[in-house]
Amino acid sequence: ISLKTTLHAGEAAGQLTSHNPGADATMNFDAEINGDTIRYNVDGDLRDINLYTLHLTDTVNEGHLRLASSGFYMWRRRVLT
C-alpha cells in the first residue's frame with residue numbers, strides 16, 4: 001500500500017494505491033482549503049476488497065466498488081476563552 005500526498009497554500013492532493021490480494025484499490029483526492037470551507041473531490045476504484053483474505057472475518061465477504069464524490073464542508077472555528 002502506498003499513499004502519496006501534498007499540501008501547499010491551501011491545496012491538498014493525494015493518491016492511495018494498493019495491489020495487495022484482498023485489497024486491490026486506487027483512490028485519488030484533492031481539496032481546497034479556504035477559510036472555514038473545504039471543497040473536495042474523491043475518485044476511487046476498489047477492484048477487489050476481500051475481508052476473508054485480509055483475515056478480518058471468518059466467512060467469505062468480498063466485493064468491489066467504484067466511488068466518485070465531490071462537495072464541501074464548512075465549520076466554525078471555536079476560540080477558547
> Taking only residues at least two apart or on different chains, which pairs with a member in residues 50-68 satisfy salt bridge (charged side-chain N to carboxylate O under 4.0 Å, His left out)?
Replying inline: Asp43-Arg66
>> Please check this pair: side chain of Asn50 against backbone of Thr53, looking for a donor-acceptor N/O pair closer than 3.5 Å.
In response: yes
>> I need the full list of salt bridge (charged side-chain N to carboxylate O under 4.0 Å, His left out) pairs touching residues 10-24, with sequence neighbours left out, sorted by first then second residue.
In response: Asp24-Arg47
> With sequence neighbours left out, what residues match Asp30 under salt bridge (Lys or Arg N to Asp or Glu O under 4.0 Å)?
Replying inline: none
> Remaining members of Leu3's ILVMFWY cluster at a side-chain heavy-atom cut-off under 4.5 Å?
Replying inline: Ile1, Leu16, Met27, Phe29, Tyr40, Val42, Leu46, Ile49, Leu51, Leu54, Leu56, Leu65, Leu67
> In chain order, what residues pass the side-chain contact (heavy atoms from CB on, under 4.5 Å) check against Glu32, with sequence neighbours excluded?
Replying inline: Asn34
> For Thr17, which residues count as a side chain to side chain donor-acceptor pair (under 3.5 Å) partner, sequence neighbours excluded?
Replying inline: none
> For the atom pair CZ (Phe72) and CG (Asp36), what is the distance rounded to the nearest 0.5 Å?
Replying inline: 12.5 Å
> What's the verdict on side chain to side chain contact (heavy atoms under 4.5 Å, CB included) for Tyr52 and Thr57, showing C-alpha distance, side-chain angles and the deciding distance?
Replying inline: CA-CA 5 Å; Tyr52 182 76; Thr57 183; 4.3 Å; yes
